[in-house]
Amino acid sequence: MPQAKSFTVVGAGIIGAAVARELLARYPGSSVTVVEKEQAAAGHQTGHNSGVVHAGLYYEPGGLKAKLCRRGVELLQDLAQARSLPYEQCGKLVVALEADEEQRLKNIFERAQANGVPGVGMLGPDGIKDIEPNAVGRMALHSPGTAIISYAAVTEALLDEVRLAGGEVRFGCAVERIEELATGVRLHTSTGQFLADHVIVCAGSQSDRLARGSGANAQPSVVPFFGQYFQLEESYRTILNGLVYPVPDPKYPFLGVHLTKRVDGQMMVGPNAFLSLSREKYHGLGLDFKDLGEVMANPGFWKFASRNLPTAVREIRTVVSEQFFLREAAKYVPSLEGAKATRLTRGIRAQAMDADGKLLDDFAIDYRDHATHIRNAPSPGATSSLAIAEYIVDSLVSRSIA
């Protein structure tokens, strides 16, 4: 059994909460403290996402994303059942509208099968109508196991378990710098300094800054992209039974506009994906000069931008025009034509980018002697959160950390 030591987890989002819970289970008698700069949990990416529990359709077979997604789904189901959290297995259609999308959809189906996604099947137009009477398409992949949940509720449940197991959660404590010592770390925070044997940094959009400040590699850097969701008016609440997604286009780095049901029964359309002017400002213009200046000074970003001009042109239309946004969704559900929707609080995706301007597609974790930094946890990061926690703690045990 591992020796009891002191751990600090930076960040009270879903991954930080899951890591803290896993540490207490695997290192009995240890001191585990979660520190969070905000006054409540799930204040950033965890609390600003679609709530989809991804089944593992898209990911490279054998890759970390695929493995942790499938394991994460199992663990989320168990947690939801044990804690009576709302969890709806509503299913998902990935719909091909054009002939040139059909082969890409078949490729996704093959990946899903290789990843062990249960129940997936291919449908024609009549099969689409059987699942979603209001949807249209030439062909669709049906994933009956795709589900929805509230990740903020999951995070609160995990933190409750942390406290019950003897852990501590400190809100209003911003970590400014992590100093690695010979036998541990010293955390410099807004409320003072304290020591720990090991720190696990789950800081989302601030992950690159804290990593650099503790002596880790400068790359990858975080480039923030915002995603805007709209909530359809009440009369469209039951227009779909589950989720309807487009076939991903390899020319574009993001998925595209889709229709997503929430656990409260509301129907959302979104998100788009466009450069955010800040890492953590969710209202209005959302401008932070420091954040924007960092992006503008990043040579990798300009390489990325030069390669993705068509994406920018497409996405800017969804940013400036609500009607264009909804017309994109109406291609899949024609009865949405003329629908009205309310703009919701945007989400901001902390996308890691390398020096060549390439977006990191898989999870990226930076291991140091006394610090573990999660550098990239893109979708399905929330779905995979409990499995990511297992994976990180497994690595600590195998390396005889603490």
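Comment: Asp291 does not engage Lys281 in a salt bridge, judged by the lack of any side-chain N to carboxylate O separation of less than 4.0 angstrom. Residues Glu98 and Arg138 are not paired through a salt bridge, judged by the lack of any N-O separation under 4.0 Å between the basic side chain and the carboxylate. Between Glu294 and Arg212, at least one side-chain N (NZ, or NE/NH1/NH2) sits under 4.0 Å from a carboxylate O, which counts as a salt bridge. Taking 4.0 Å as the cut-off between side-chain N and carboxylate O, Asp160 and Arg163 count as a salt-bridged pair.
A donor-acceptor pair under 3.5 Å is formed between the side chain of Gln45 and the backbone N or O of Ala350. The closest donor-acceptor contact from the side chain of Ser6 to the backbone of Asp197 lies under 3.5 Å. Looking at Arg71, its side chain never comes within 3.5 Å of a backbone N or O of Ala387 through a donor-acceptor pair. Panel note: side chain Gln228, backbone Leu344; a donor-acceptor pair is recorded below 3.5 Å. Asn241 places a side-chain N or O within 3.5 Å of a backbone atom of Ile131 that can act as its donor or acceptor partner. Proximity of a side-chain donor or acceptor of Asn115 to a complementary backbone N or O of Val117 within less than 3.5 Å is not detected. Between the Ser207 side chain and the Gly204 main chain, a donor and an acceptor come within less than 3.5 Å of each other. Judged by distance alone, with hydrogens and angles left aside, the side-chain atoms of Arg307 form a donor-acceptor pair with the main-chain N or O of Gly357 at under 3.5 Å. Looking only at distances, no side-chain donor or acceptor of Glu179 sits under 3.5 Å from a matching main-chain atom of Arg186. Without hydrogens or angle criteria, Glu101 side chain to Leu97 main chain gives a donor-acceptor distance under 3.5 Å.
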- Task: Decide ring-ring contact (aromatic ring centres under 6.0 Å, His included) for Phe274 and Phe325; before the verdict, give the C-alpha distance in whole Å, the side-chain angles of both, and the deciding distance to 0.1 Å.
- Result: CA-CA 13 Å; Phe274 202 74; Phe325 199 96; over 10 Å; no

_Quick one, Ser205 with Glu280, criterion side-chain hydrogen bond (donor to acceptor under 3.5 Å, both in side chains). Give me CA distance, side-chain angles, the key distance, then yes/no._
CA-CA 8 Å; Ser205 65; Glu280 295 179 352; 3.2 Å; yes

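Between Tyr245 and His258, the two ring planes are parallel [angle under 30°; tilted spans 30° to 60°].
Enclosure of atom NZ in Lys358 is not indicated, since only 12 or fewer non-hydrogen atoms of other residues, nucleotides or ligands lie within 6.0 angstrom.
In summary, the aromatic rings of Tyr229 and His48 are positioned with their centroids too far apart to meet the 6.0 Å limit.
Cation-pi geometry between Lys5 and Tyr27 is not met: the NZ or CZ atom fails to fall both under 6.0 Å from the ring centre and inside 45° of the normal. Both cation-pi conditions hold for Arg170 and Phe194: the charged atom is under 6.0 angstrom from the six-membered ring centre and inside a 45 degree cone around its axis.
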